[in-house]
Colleague: 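What follows is a single structure, and I will ask about it in a moment.
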Protein chains: 2
Amino acid sequence: MSTRPFHHGNLRAVLLEEAEAVLRTGGVEALSLRELARQAGVSHGAPRSHFIDRQALLDALAEQGFDRFTERITAALADGGTVAERFRRVGRAYVDFAVEHAVLMDLMFAAKVDAPAGPIGAAAARLFRTLDSAMGDPVDPADEDARERFKLLFAATMQGTATLIAARRISRAQGEAVVDDAMEALLGSPLGRAALPSR
Amino acid sequence: MSTRPFHHGNLRAVLLEEAEAVLRTGGVEALSLRELARQAGVSHGAPRSHFIDRQALLDALAEQGFDRFTERITAALADGGTVAERFRRVGRAYVDFAVEHAVLMDLMFAAKVDAPAGPIGAAAARLFRTLDSAMGDPVDPADEDARERFKLLFAATMQGTATLIAARRISRAQGEAVVDDAMEALLGSPLGRAALPSR
DNA sequence: ACCTGAACACCGTTCAAGT
DNA sequence: ACCTGAACACCGTTCAAGT
C-alpha cells in the first residue's frame, strides 16, 4: 500500500490534541488553525474537512473538556466514604481540574456556548448528573428541590474558587482553605441537612 | 482656531468607550483596533499613541471594569441595615454586575493579568477592600483571620454563581436562589459567626 | 505629543481541483 | 471522503514622516 498524502483519518484527533497543548501554553488567542495545520504537516485548508471554522474546533474542545471533567469527578467519587468525605474530595477535584485547565474552563463556560441544547450543553448536563452520585439516593422525594439547590450552590462555590485561583487573586493554599470553609458551611447549613442523608 | 486633524486629545477615552460597546455586543474576539480606529474616524495607526498594543487596551478595560465594579458594590452598601442585609444586597449587586458585564469580567479575571502587582491588581484590591465596609468594624482583632476567609468565601460563591448564569448553565431565577441559599449558609456558619458582629 | 499612511507578516474562510 | 493550493479580505504591529 502506498503512503497516503499524509494523514489517514486521524487528523481530527491530532488537531484537537495539538490545540489542547496550545491552550495550556498560550491561551485561546494563540490558537491558529493555520499553525495547527502546519504542525500536523497538512495544508492550511485541511482542517476544514473536520471543523467548519475556528469556533467549531473550540466547541469540540469544550465538549471534550466537560467529558474529561466528568471522568475526574467520577474518579473522586470512587473511594466511597461518608457524604461529607465524598463532597470534600469532589470539591478538591473540581477546583484542581479547573485550575489545571483554566483556559479550557473559560471555553467550557463561555457565554457563546449553545447551552443547554447541543452537544456542549449535553456534556455539561452529564457532569452535573454525576453530582447526584455524590449525594447518594434521595431519602425523601420531598427533598428533591433541596438537592437541586444544594448541587447548584456547591458547583457555584467551587467554580468561583477556581476562578479566583486561576486569576491569581488568591493563592493555591488560600483556595484550599476556601474549599474547606465552603464545605463546612454548606454541609452544616439547613439546605445541606435537607439535601443530604444524615448518615 | 483651525479644526485640528480630528481628535483633540480624547481619542483614548473614545476608544475605550467604543471598545466597551463591542465587548457587550460581540465579545473580545470581535474587538479590532483597526475597526475601533475606523469608528473613531482616525487612521489605523492612531490608537498606537494611546495603547502600545491590543492587550494594553484590554488591560485598560479590565482596570476600568474593577473600578466600576467597586462603585456598584459601594452603592449597594450605602443603605446600611444589618450585616446580613448588607451582604445580601452586596451579593445581588455582585452577581448583577458580573452577569451584565460577563465579557468584561472574563477580561478582569483572565489568568494573563498582571496580578497582584500592576494597575489591574491594585484595582482588584480596591474592590476587595470595600467588602471590609460590608462587615463593619472588627469586634475582636483575633477574628481578623476569620474575616479574611469569610470575604474570600463570599467572593468565590458570588463569582461562581455569576459564571454559571453568564454561561447559561442556570437561569437568572435559579441564580437568585443560589445567592439567597449561599447567604443563609455563610451567615449561619461557624466562620460567618466568627467573622461578623452578632448584632 | 499625536496622528498619517505605507509596509510586512499573519490570519480565517472560501472554493475549484485533485486523489 | 479527505486534502491541496490559490485567492480574498481582514488583522496587529512597526515605523518614517508629517503637524
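Sequence lines set the chain letters: A, B, ... in the order given, protein chains first and strands last, and positions in each chain run from 1.
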Colleague: OP1 or OP2 of D:dC10 versus the side-chain N and O atoms of B:Ser32: is any pair under 4.0 Å?
Modeller: no

Colleague: Mind calculating the distance between CZ (A:Phe51) and P (D:dC3) to the nearest angstrom?
Modeller: 11 Å

Colleague: With rounding to the nearest 0.5 angstrom, report the CZ to CG distance, B:Arg54 to B:Leu31.
Modeller: 5.5 Å

Colleague: Rounded to the Å, how far apart are A:Arg12 CZ and D:dA1 C1'?
Modeller: 15 Å

Colleague: Taking B:Glu18 for its side chain and B:Leu15 for its backbone only, find out whether a donor-acceptor pair lies under 3.5 Å.
Modeller: no

Colleague: Quick one: list whatever passes side chain to side chain contact (heavy atoms under 4.5 Å, CB included) with A:Arg34, sequence neighbours left out.
Modeller: A:Ser32, A:Arg38, A:His44

Colleague: For the residue pair B:Phe109 and A:Ala167, what are the closest heavy atoms and their distance?
Modeller: O-CB, 3.3 Å

Colleague: Can you give me the closest heavy-atom contact between B:Phe128 and B:Ala155, atom names plus distance?
Modeller: CE1-CB, 4.1 Å

Colleague: Is B:Arg48 salt-bridged to B:Asp53, cutoff N-O under 4.0 Å?
Modeller: no

Colleague: Who passes salt bridge (charged side-chain N to carboxylate O under 4.0 Å, His left out) against A:Asp96, sequence neighbours left out?
Modeller: A:Arg172

Colleague: Quick one: are A:Gln159 and A:Tyr94 in side-chain contact, heavy atoms under 4.5 Å?
Modeller: yes

Colleague: Per the side-chain hydrogen bond (donor to acceptor under 3.5 Å, both in side chains) rule, what does the pair list look like for residues 177-197 of chain B, sequence neighbours excluded?
Modeller: A:Arg149-B:Asp181, B:Arg92-B:Asp180

Colleague: Using the side-chain heavy atoms of B:His50, tell me which of these nucleotides is nearest: C:dC11, C:dC3, D:dT4.
Modeller: C:dC3

Colleague: Could you tell me the separation between the CD atom of A:Glu35 and the P atom of C:dC11, rounded to a whole number of Å?
Modeller: 6 Å

Colleague: For DNA chain D, what string of dots and brackets results from 5' to 3' when Watson-Crick and G-U pairs need both distances under 3.5 Å, crossing pairs get [ ], and pairs with another strand get |?
Modeller: ||.|||||...|||||.||

Colleague: Dump every N/O contact between nucleotides 13-15 of chain C and the protein below 3.5 Å, one line per pair.
Modeller:
from: C:dT13; atom 1: OP2; to: A:Arg54; atom 2: N; distance (Å): 2.9
from: C:dT13; atom 1: O4; to: A:Arg34; atom 2: NH1; distance (Å): 3.2
from: C:dT14; atom 1: OP2; to: A:Arg48; atom 2: NH2; distance (Å): 2.1

Colleague: Treating B:Arg169 as the side-chain partner and A:Gly121 as the backbone partner, does any N or O pair qualify as donor plus acceptor under 3.5 Å?
Modeller: no

Colleague: Taking only side-chain N and O atoms of B:Ser43, does any of them lie within less than 4.0 angstrom of OP1 or OP2 on C:dT4?
Modeller: yes

Colleague: Output one line per pair: protein atom, nucleotide atom from nucleotides 17-19 of chain C, and distance, for all N/O pairs under 3.5 Å.
Modeller:
none

Colleague: Inspect the contact between B:Arg88 and B:Glu85 and indicate whether a charged nitrogen and a carboxylate oxygen are less than 4.0 angstrom apart.
Modeller: no

Colleague: Considering every strand and a 4.0 Å limit on heavy-atom distances, what is the contact class for A:Arg38: base, sugar-phosphate, or nothing?
Modeller: sugar-phosphate

